[in-house]
Amino acid sequence: MISKEDVLKLAGLARLDFSDEELDRIIKDMDDIIAFADTINNAVEGDAEKIRNVSSSATPAEDFREDIVKEFVPNEKILSNVTASKGMFCVKGGI
């Protein structure tokens, strides 16, 4: 369990200030996060095969779409409808 002092030290390092209500809620949330991380660690501890199975479900590179170069609209045409531009950028309120 994370202590109030630990949270206050972290808050000081991050230059954060919390009310007592917020501090109690943060302590509970951090305990929940740590418990969840422990659950994950315990689920795969000693069995690296479980980790490999997760990574093997990624999409193979062959299944990605093909890169196709398409025509583009020139900057001059895009900027022809704006009231003010500078180079290839629109300018708000004139130049």
Side-chain angles (χ1 to χ4, degrees):
M1 182 171 154
I2 192 161
S3 70
K4 186 175 185 175
E5 291 76 27
D6 291 335
V7 173
L8 288 172
K9 184 175 180 179
L10 289 171
L13 291 171
R15 297 183 180 162
L16 299 173
D17 191 25
F18 299 111
S19 68
D20 286 338
E21 264 180 24
E22 292 171 319
L23 196 57
D24 290 339
R25 190 176 70 234
I26 290 169
I27 290 169
K28 183 197 175 306
D29 289 347
M30 290 183 84
D31 276 338
D32 290 346
I33 292 167
I34 292 168
F36 180 69
D38 285 342
T39 301
I40 293 171
N41 287 338
N42 291 335
V44 295
E45 191 172 291
D47 189 2
E49 192 59 38
K50 288 181 182 179
I51 297 171
R52 286 189 196 94
N53 288 338
V54 170
S55 65
S56 67
S57 65
T59 304
E62 302 83 44
D63 292 348
F64 293 142
R65 67 170 172 77
E66 181 182 344
D67 287 337
I68 301 171
V69 178
K70 296 182 179 181
E71 278 192 52
F72 65 95
V73 179
N75 289 339
E76 295 79 23
K77 183 168 182 165
I78 294 170
L79 293 174
S80 67
N81 293 321
V82 299
T83 56
S85 63
K86 185 174 185 178
M88 57 183 221
F89 301 101
C90 296
V91 180
K92 183 178 179 180
I95 298 176

Subject >> Distance, nearest 0.5 Å, that separates CG of D24 from CG of D29 >> reply: 11.0 Å
**OP:** With rounding to the nearest 0.5 Å, note down the distance linking CD1 in I27 to CD in E5.
**Re:** 8.0 Å
Original post:
Counting heavy atoms not belonging to F36, are there more than 12 under 6.0 Å from its CZ?
Top reply: no
Original post:
What's the spacing between I26 CD1 and L10 CG if we round to 0.5 Å?
Top reply: 10.5 Å
**OP:** Work out which heavy atom in L23 is nearest to a heavy atom in F18; give both atom names and the distance.
**Re:** N-CB, 4.2 Å
Subject >> From CA spacing to verdict: side-chain contact (heavy atoms from CB on, under 4.5 Å), M30, D6 >> reply: CA-CA 11 Å; M30 290 183 84; D6 291 335; over 6 Å; no
Original post:
With a 4.0 Å cut-off, would you call R15 and D17 a salt bridge?
Top reply: no
Subject >> Separation between NZ of K28 and CG of D31, rounded to the nearest 0.5 Å >> reply: 8.5 Å
**OP:** Establish whether I33 and I2 are linked, either directly or via other cluster members, by ILVMFWY side-chain heavy-atom contacts under 4.5 Å.
**Re:** no
